[in-house]
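Step one of this worksheet: look at the structure below.
Reckoned from all heavy atoms, side chains included, excluding hydrogens, waters and symmetry mates. So that the names make sense, note that chain A is the first sequence line, chain B the second, and so on, each numbered from 1.
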Amino acid sequence: MKYDFQAIEKKWQDNWEKTKPYAAVNGDPRPKFYGLIEFPYPSGQGLHVGHPRPFTAMDIVCRKRRMQGYNVLFPIGFDSFGLPTENYAIKNHIHPAIVTRDNIKTFTAQLKMLGYSFDWDRCVDTSDPNYYKWTQWIFLKMFENDMAYKTTMPVNWCTSCKCVLANEEVVDGVCERCGSPVVQKEKSQWMLRITKYAQRLIDDLDDLDYINRVKIQQRNWIGRSEGLELDFKVTTGDTVTVYTTRPDTVFGVTYMVISPEHPLLEQWKDQIQNWDEVDAYRKEAARKSDFERGELNKDKTGVCLQGVRAVNPANRASVPFFVSDYVLMGYGTGIVMGVPGHDQRDWDFAEKFGLPIIEVVAGGDMTEAAYATKESSIVVNSGFLDGMTVKDAITAMADYAEKEGFGRRKVNYKLRDWVFTRQRYWGEPIPLVNCKTCGWVPIPESELPLELPMVDSYELTDDGESPLSKMTDWVNTTCPKCGGPAQRETDTMPNWAGSCWYFLRYMDPHNDKEFASREALEYWSPVDWYNGGMEHTTLHLLYSRFWHTFLYDIGAVPTIEPYQKRTSHGMILGEGGEKMSKSRGNVINPNDIVSQYGADTMRLHIMFIGDFEKAVSWSNEAVKGSKRFLDRVWNLGESCSDDPAVSAQHETLLNKTIKKVTEDIEELKMNTAIAAMMTLVNDYTAQGCSKGDLEQLLLLLSPFVPHIVEELWERKGYAASYGKMACQMDWPTYDEGKIAADTVEMAVQVAGKLKGTVVVPVDSEQDAVVEAAQKLEKVQRAMDGMQIVKVIFRPNKIVNLILKPRA
RNA sequence: GCCGGUGUGGCGGAACUGGCAGACGCAAGGGACUUAAAAUCCCUCGGUGGCAGCACCGUGCGGGUUCGAGCCCCGCCACCGGCACCA
């Protein structure tokens, strides 16, 4: 017998809409639980099958928490600024605000259709001026605290679209949209000093319950390294500084290299005898994109600076100076010491330019390749360092350099400051004006939000300036400080801005005095459990940790870290295990699954499909199994007896199942939790069940498949007798005593090979089990002509008989 | 190259702390019901040999530790994700 899921799901969704059983209550005396999912970008394609995976998982966790007595905040919103909407708007000549409004409508309907227990009254939308007012406010706080600054830097420029592209829009060196080459172009940009927080963003990870790969990826991205800054005297009369993590190899320096972008080159112009050649090389390097420089990295290029030499501070040797693009301006000092013996890049360079290669750590073959040393390798050819291990020599050289005054210990990070501006329309306006006399001046807080003007054309300009730059009425304003003429900043914030703090707004979404009240922040902070995609680990997750730590420093939020726990889900792939994409035609639309099988089946199946953390491929065929399971549950409602007690025959399995489901949900092992419930249902179906048995099952199922559960809960009269919906009941508890059976089945092995099992009383002694085991036919056969020399015995688990031939 | 991760039936996946490999589901085959089909229900379902009892083999490959290894150790291979001239 099939159930009418369409009618049932509609009925309960309407009910929840009216009765709001999932509303979070600020200041409630119950313990709080804040569960968070990454709010979706409301794209024109609507909800993707990838969304329900994390959403359903957290919905289950939150529904269970409510049943466990928590005051749960499980909010939803929309991250609605961004490029796809803007591009769609350009193509179809519809204003992005309208596109966004329509898309949010679609998303809202789809999310409600899946029965999530969101508190819809707290919904936020990052492109709503009431929201981005506070995004701008936080930016102004950053500006006030010297965390935002403007600088000129190269950006990606599409030669065909004549516009600036975000890094994410550059794929393999070409424009994602038109396939034209992307080149670098200098532009003035607002930057955020995330590097100031590099160390804290590493250190504060220690106390957080993040899955390990997230922590590792963030640490690697920040890229802390400990080393030494070393000063080298140069024949130009200057002293240059290099950064090295390997001061033990200073005696192996045979040349120096400076980055083509280094400003010092310009200063040395008159002393470089082959300046024309050097200058040509610089210009060539400038033309290359980062991508080309990276791609062509195998073949080293460079030019020797004629007339410039450096002196090795360790051994007074004079070494040549080169310019080469394998040295990056953005890391360290833009100058490196060349140690070809122990760095493969330096080795390649030395080979190409015929430079000497000195072995300073024993163990390798310098004619073949650089020798990658270990901490325990021994230093040679290095004066006072000779005979030391690499590890000791690093310390010894650092001490020596500091004592002699030509070096300092130094920590470096790979993390760069955050380029915070986009030359686009559909983003938060930056609330600053540029005044000839006062410089950059923030607009007064009372004028926030600085709203995006409605422009006639939000299309891109030829010169790469933001579409806002053409809005002269809007651009030209007066300086808030001196009252003189001034211009507004016309770039907007990147799409990561709004998501940096949205979880704070959920705590107090309608507040028009502050981004959230102190009481709300103190009550709900921090987010207890945040689930999201691995692809956001070094972007959104890191950015929002940075903002939050900054907000803590200025006293705006009560905790240092925003999220106590972070988990991550795997991707849903198409049928063949390939990424879902329009071009492959393998995109699964959740709508189709819901209309064919119902929301409960969709929810159940997306959880049952596999290990939550791993990528899985979707199978339309397999969905049927989940539907069949729900049909069987429905049938139990028709067939169960009226007995309100849990029946003895199901007691053990039921208690085991409650334990399994209770524990598995906490580890997001929804697949095994569901498997356990399937086993229970199979047992109920085969042996029949009572109303009491069914009641417990429904409570367990309630977070997973809420619609069918509420319907059965009502029909079978539980709702009437308790006066509550199933989702408002207490979570079922289990009794360990009822899980433990009187007897246990133990494995019997002979010489490690399984021969059978014996059923014995729990906690049987070794002798009794061995005796029982020897009665097994297979054991007897194996023992023919043998005697027992040893018995391995693990109570209630296994007995293993070790035999040898009878003498 | 570096850092993570993964590898188990035809498929998705289970397996506690080293203790009965393959739970649960899909597909497949056989049967029941049906005029028939769908749905539902029952049975089989890692491989090889055998009518069968049963025997042997089996968790990417090669070694090792152990009474016992999918799980631990050493050495490989393949795939996935991230970073990548970061000195």
Return no unless some side-chain N or O of A:Y326 is found under 4.0 Å from OP1 or OP2 of B:rA87.
no

Counting side-chain heavy atoms from CB outward, which of B:rA87, B:rG13, B:rC3 is closest to A:N220?
B:rC3

Under 4.0 angstrom, heavy atoms only, what part of the nucleic acid is A:A615 near: base, sugar-phosphate, or nothing?
sugar-phosphate

So which one's nearest nucleotide on RNA chain B is more toward 5', A:I798 or A:G610?
A:G610

Interatomic distance at C1', B:rG1 relative to B:rG13, whole Å:
34 Å

Using atom P of each nucleotide, how far apart are B:rG46 and B:rC24 to the nearest Å?
13 Å

Could you tell me the separation between the CG atom of A:L573 and the C1' atom of B:rC79, rounded to a whole number of Å?
13 Å

B:rA39 and B:rA28: how far apart are their P atoms, nearest whole angstrom?
10 Å

If you look at every strand shown and take non-hydrogen atoms under 4.0 Å, does A:R219 touch a base, only sugar-phosphate, or nothing?
nothing

In terms of the angle between their ring planes, are A:H536 and A:W496 parallel, tilted or perpendicular, with boundaries placed at 30° and 60°?
perpendicular

At under 4.0 Å between heavy atoms, what does A:N682 touch on the DNA or RNA strands: base, sugar-phosphate, or nothing?
sugar-phosphate

Any strand is fair game: report the nucleotide pairing with B:rU6 by Watson-Crick or G-U wobble, both distances under 3.5 Å, or none.
B:rA78

As a test of the definition: with a 90° window around 0 for syn, would you call B:rG82 syn or anti?
anti

Is there a side-chain contact between A:R628 and the phosphate of B:rU40, meaning an N or O under 4.0 Å from OP1 or OP2?
yes

Can you confirm if the aromatic rings of A:F232 and A:F406 lie within a centre distance of less than 6.0 Å?
no

Looking at A:T537 and A:M534, would you say the former's side chain and the latter's main chain have a donor-acceptor pair under 3.5 Å?
yes

Rounded to whole Å, CG of A:L604 lies from P of B:rG12 at a distance of 20 Å

Has the side chain of A:R213 got a donor or acceptor that lies under 3.5 Å from a partner of the other kind on the base of B:rG5?
no

Taking pairing as Watson-Crick or G-U wobble with both contacts under 3.5 Å, can you name the mate of B:rA15, or confirm there isn't one?
none

Looking only at the side chain of A:T757 (C-beta and beyond, no hydrogens), which of the listed nucleotides B:rC24, B:rG13, B:rC20 gets closest?
B:rC20

Pick base, sugar-phosphate or nothing for A:F608, based on heavy-atom distances below 4.0 Å to the nucleic acid.
base

Check step by step if side-chain contact (heavy atoms from CB on, under 4.5 Å) holds for A:Y331 and A:S225.
CA-CA 11 Å; A:Y331 184 79; A:S225 76; 3.1 Å; yes

Distance check needed: B:rG25 P versus A:E621 CD, whole Å only.
16 Å

Out of B:rU6, B:rG12, B:rA27, which nucleotide sits closest to the side chain of A:K614?
B:rU6

Taking the six-membered ring for Trp, are A:F321 and A:Y255 closer than 6.0 Å centroid to centroid?
no

Nearest listed nucleotide, side chain of A:V336, among B:rG19, B:rC20, B:rA87:
B:rA87

May I ask you to evaluate whether A:S225 reaches the phosphate of B:rA87, defined as a side-chain N or O under 4.0 Å from OP1 or OP2?
yes

A:Q217 CD to B:rC2 P, in whole Å, measures 18 Å

To the nearest Å, give me how far apart CD (A:Q218) and C1' (B:rC83) are.
14 Å

Quantified in whole Å, what is the C1' atom distance between nucleotide B:rA69 and nucleotide B:rG64?
11 Å

Has the side chain of A:K300 got a donor or acceptor atom sitting under 3.5 Å from an opposite partner on the base of B:rC85?
yes

When all nucleic acid strands are considered with a 4.0 Å heavy-atom cut-off, which category describes A:N800: base, sugar-phosphate, or nothing?
base

Could you tell me whether A:S619 contacts a base, only the sugar-phosphate backbone, or nothing, with contacts defined as non-hydrogen atoms closer than 4.0 Å?
nothing

I'd like the P distance from B:rG31 over to B:rA36, given in whole Å.
14 Å

Looking for any heavy atom pair under 4.0 Å, which part of the strands does A:S617 touch: base, sugar-phosphate only, or nothing?
nothing

Rounded off to whole Å, could you give me the CE-to-C1' distance for the A:M670 and B:rG25 pair?
18 Å

Check whether any side-chain nitrogen or oxygen of A:N671 sits under 4.0 Å from OP1 or OP2 of B:rA14, and answer yes or no.
yes

Length of the CD-P vector between A:E736 and B:rC16, whole Å:
18 Å

Distance check, C1' atoms only: B:rC54 and B:rU65, in whole angstrom units.
32 Å

Between B:rU17 and B:rG68 - C1' atom distance, rounded Å:
15 Å

Considering every strand shown, what is the Watson-Crick or G-U wobble mate of B:rU59 when both distances are under 3.5 Å?
none

From C-beta outward on A:L754, which listed nucleotide comes closest to its side chain: B:rG13, B:rA21, B:rC85?
B:rA21

How far does the C1' atom of B:rC74 sit from the matching atom of B:rG81, given to the nearest Å?
26 Å

Students often get this wrong, so: under 4.0 angstrom with heavy atoms, is A:K669 touching a base, only sugar-phosphate, or nothing?
sugar-phosphate

Tell me whether the side-chain N or O atoms of A:Q749 pair up with the base of B:rG19 as donor and acceptor below 3.5 Å, since no angle test is needed here.
yes

Find the partner of B:rC83: check Watson-Crick (N1-N3 plus N6-O4 or O6-N4) and G-U wobble (N1-O2, O6-N3) distances, both under 3.5 Å, and reply none if neither fits.
B:rG1

Among B:rC20, B:rC16, B:rA87, which is the nearest nucleotide to the side chain of A:K797?
B:rC16

Least distance between heavy atoms, A:V705 atom then A:I708 atom:
O-CG2, 3.5 Å

Of A:A686 and A:G330, whose closest RNA chain B nucleotide lies nearer the 5' terminus?
A:A686

With a cut-off of less than 4.0 Å, is there a side-chain N or O of A:R632 near OP1 or OP2 of B:rG25?
yes

Provide the Watson-Crick or G-U wobble partner of B:rA28, both distances under 3.5 Å; none if there is no partner.
B:rU44

A:K627 to A:Y597 six-membered ring, cation-pi geometry met (6.0 Å, 45°)
no

So does A:I394 get a backbone contact from the side chain of A:D248, meaning a donor-acceptor N/O pair under 3.5 Å?
no

Check every strand shown and say whether A:I802 touches a base, only sugar-phosphate, or nothing at a heavy-atom separation below 4.0 Å.
sugar-phosphate

For A:R219 and A:L205, indicate whether the former's side chain and the latter's backbone hold a donor-acceptor pair under 3.5 Å.
no

Under a 3.5 Å threshold, yes or no: a donor from one side chain and an acceptor from the other, between A:N531 and A:T567?
yes

Please report the distance, rounded to the nearest Å, between CG in A:N212 and P in B:rU6.
11 Å

